[in-house]
Asker: 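Handing you a structure now.
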Amino acid sequence: MQNFDYCTPTRLIFGKGVVSQLPEVMSRFGKKVLLTYGGGSIKKIGLYDKVKELLKDFEIYELSGIQPNPKYNPSVLDGVKICKDNDIDVILAVGGGSVLDCSKAIATGAKYDGDPWDLISYKAFAKESVPIVDIITLAATGSEFDPGGVISRTETNDKIGYIDKLNYPKVSFLDPTYTFSVSRKQTAAGCADAMNHIMEQYFCEDSTRLNDGFMESALKSLMGNTLLCLKNPEDYTARAEMMLCCTYGCNRIYSLGNSQSGWPCHAIEHALSAYYDITHGEGLAIITPRWMKHILCEKTVDRFVQYGINVFGIDDNQDSFDIANQAIDATYRFFEKSLNIPMHLKDVGIDESRINEMAHHIAVNEGLEEAWYPLYEDDLVSILTESL
Ligand code: NZQ
Ligand code: ZN
């Protein structure tokens, strides 16, 4: 088992109706609030009005229109300006992972004198940040329990995972009823994203029985509960369990003591959504089984065997490579048949024209030579081509 140093300072407040505690929680941070949200889903579900009513004694400024794959310009830059001009005390992010990720970049950018991109690109490091509280409305990224935010800069085709411990949310409100309205497409994409967060930690050199059991159980829970959510979007218990599996996703709790995998599927997908602005979870569903096939070899096969037997219940009385291949096929089938996710890059508007360019971008920027199964530019071209 590897050494680790772990601390999650985020308070989770979970359950039906917990948002009523918002005024008390927010008052600890100050009166001037920047309320951030996306394209309007929080208005449709009545959450915007509810928040405004609960915070009627606060001074509210707003940043709306934060898009999926949140953009540096305008969203991050606009939010930083609002915070600086108005001396904002606390950011309240209400929405999915994109809203929260954007708010994290705003939080440190607002306390930094230079160009906020210096922080996102790790040219400089923040010394302080504006505290963040969030109400998460989509089960997927786990941003509500981690210090990461993924920001896109359109003109350079960059999509950077920006991690700074200052950006752990102070408090995250998780009320599964706010996820009842999430569309079938986003529910499925959220499941694929969260499954991949677990796989990125599961497929590594050194793991423990404790972590393996935790992750295998979470994968089964995610798959089973997502199917229930798709059947009945207002199934509270299923939405609730799905939400928690997602919340734990990127916080490292699933894999304390494991060696690093390098998060290869995320590195590849971030290039896809940077170049083509596709839905993150769909990109991952397409890439994951192709990556699995690509790396299957003597070194990796036992891990796939364990995954196949413990997650998909594949008969263990077979040749290792047969079991591993069946496990990979079962993963593909779950995404395609059960979640109804488009499983080819061409289905989401990506053709072969920029594959070499994307592979080069990933190879130069993502450090995948250090991954559990090292990936070089040629490997990336193969995986992307296989995914067409
Ligand atoms: O913009 P609005 O109108 O709010 O609609 C959103 C958006 O169109 C909608 N939505 C959200 N909650 C809803 C809802 N629709 C109906 N009812 C609700 N309750 O869903 C759409 C997608 O929202 P988005 O926030 O983009 O989705 P998600 O939470 O999947 O976030 C994706 C982003 O997170 C990044 C991804 O790369 C991507 O940019 N990631 C962040 C991570 C992190 N911080 O730890 C890790 C992940 O691996 C991921 O990379
Ligand atoms: Zn993800």
Side-chain angles (χ1 to χ4, degrees), residues 191-209 211-213 215-220 222-223 254-255 258-272 281-339 341-345 352 355 358-359 362-363 366-388:
C191 172
D193 185 20
M195 282 178 70
N196 192 264
H197 295 158
I198 298 168
M199 293 173 187
E200 301 274 39
Q201 296 167 81
Y202 185 88
F203 290 104
C204 66
E205 183 67 35
D206 186 12
S207 185
T208 64
R209 276 198 225 174
N211 291 342
D212 287 354
M215 290 191 272
E216 287 158 2
S217 162
L219 284 168
K220 286 189 277 192
L222 265 170
M223 291 194 287
Y254 278 128
S255 60
N258 279 20
S259 57
Q260 296 300 312
S261 74
W263 288 64
C265 295
H266 272 70
I268 300 171
E269 197 296 316
H270 283 167
L272 296 178
E282 292 185 347
L284 286 172
I286 295 169
I287 293 298
T288 302
R290 276 69 181 223
W291 165 78
M292 288 175 158
K293 285 265 178 206
H294 187 83
I295 73 159
L296 180 59
C297 63
E298 286 295 343
K299 171 185 163 160
T300 62
V301 66
D302 288 347
R303 211 70 191 126
F304 285 101
V305 168
Q306 182 177 329
Y307 165 76
I309 293 168
N310 292 349
V311 177
F312 288 101
I314 293 169
D315 177 5
D316 61 0
N317 198 16
Q318 302 178 72
D319 167 75
S320 297
F321 279 88
D322 286 346
I323 298 174
N325 276 308
Q326 287 165 38
I328 297 170
D329 293 345
T331 308
Y332 187 98
R333 256 196 327 276
F334 177 75
F335 291 145
E336 184 187 42
K337 303 279 186 226
S338 304
L339 298 186
I341 290 180
M343 287 303 288
H344 294 271
L345 291 179
E352 61 282 351
I355 280 185
M358 287 192 289
I362 301 163
E366 299 287 352
L368 290 179
E369 305 90 344
E370 307 294 323
W372 175 49
Y373 183 100
L375 296 175
Y376 300 91
E377 199 164 323
D378 286 353
D379 298 292
L380 296 163
V381 171
S382 299
I383 293 169
L384 289 167
T385 306
E386 281 298 316
S387 304
L388 280 170

Asker: S255 side chain to Q201 main-chain N or O, any donor-acceptor pair under 3.5 Å?
Answerer: no

Asker: What are the two closest heavy atoms between E205 and S259, and how far apart are they?
Answerer: N-OG, 3.4 Å

Asker: For I383 and L375: C-alpha separation, side-chain torsions, deciding distance, then whether side-chain contact (heavy atoms from CB on, under 4.5 Å) applies.
Answerer: CA-CA 10 Å; I383 293 169; L375 296 175; 4.1 Å; yes

Asker: For a 4.5 angstrom cut-off between non-hydrogen side-chain atoms, does S382 reach H294?
Answerer: yes

Asker: Which atoms form the tightest heavy-atom contact between I287 and I268, and what is the distance?
Answerer: CD1-CG2, 3.8 Å

Asker: When you compare the side chains of Q260 and E370, does any donor N or O come within less than 3.5 Å of an acceptor on the partner?
Answerer: no

Asker: Quick one: OG on S207 to OH on Y254, what's the gap to the nearest 0.5 Å?
Answerer: 13.5 Å

Asker: Quick check: closest heavy atoms across E216 and Y202, and the distance to 0.1 Å?
Answerer: OE2-OH, 2.6 Å

Asker: Of all heavy-atom pairs between G281 and A192, which one has the smallest distance, and what is that distance?
Answerer: O-CB, 3.5 Å

Asker: Closest heavy-atom contact between L284 and D193?
Answerer: CD1-OD1, 3.2 Å

Asker: Would you say the side chains of E200 and H266 form a donor-acceptor pair under 3.5 Å?
Answerer: yes

Asker: Quick one, K293 and E386 - any side-chain contact, counting heavy atoms below 4.5 Å?
Answerer: no

Asker: Can you tell me how far the CG atom of L384 sits from the CG atom of L345, to the nearest 0.5 Å?
Answerer: 6.5 Å

Asker: From E366 CD over to H270 NE2, what is the distance, rounded to the nearest 0.5 angstrom?
Answerer: 8.0 Å

Asker: Within the structure provided, determine whether L219 and N310 are in side-chain contact (heavy-atom separation under 4.5 Å).
Answerer: no

Asker: A side-chain contact here means heavy atoms from C-beta on lying under 4.5 Å apart; do L339 and F334 qualify?
Answerer: yes

Asker: Please report the interatomic distance SG(C204) to CH2(W372), rounded to the nearest 0.5 Å.
Answerer: 7.5 Å

Asker: Establish, yes or no, whether a centroid distance under 6.0 Å links the rings of Y307 and F203.
Answerer: yes

Asker: Apply side-chain contact (heavy atoms from CB on, under 4.5 Å) to the pair T331 and F304, showing each step before the final yes or no.
Answerer: CA-CA 11 Å; T331 308; F304 285 101; over 6 Å; no

Asker: Does any non-hydrogen side-chain atom of H197 lie less than 4.5 Å from one of W263?
Answerer: yes

Asker: Determine whether N196 and E269 make a side-chain contact, defined as any pair of heavy atoms from C-beta on separated by less than 4.5 Å.
Answerer: no

Asker: Any heavy-atom pair between the side chains of D329 and F312 that's under 4.5 Å?
Answerer: no

Asker: Only one of L368, T288, I362 clears side chain to side chain contact (heavy atoms under 4.5 Å, CB included) with P264; which?
Answerer: L368

Asker: From I328 CD1 over to I323 CD1, what is the distance, rounded to the nearest 0.5 angstrom?
Answerer: 12.0 Å

Asker: Any idea which heavy atoms bring M343 and R290 closest together, and the distance?
Answerer: O-NH1, 2.7 Å

Asker: Say whether, by atom type as modelled, one donor and one acceptor occur between the side chain of N325 and the main chain of F321 under 3.5 angstrom.
Answerer: yes

Asker: Side chains of L272 and M358: closer than 4.5 Å at any heavy-atom pair?
Answerer: yes

Asker: Can you tell which of N211, D206, D212 makes a side chain to side chain donor-acceptor pair (under 3.5 Å) with N258?
Answerer: N211

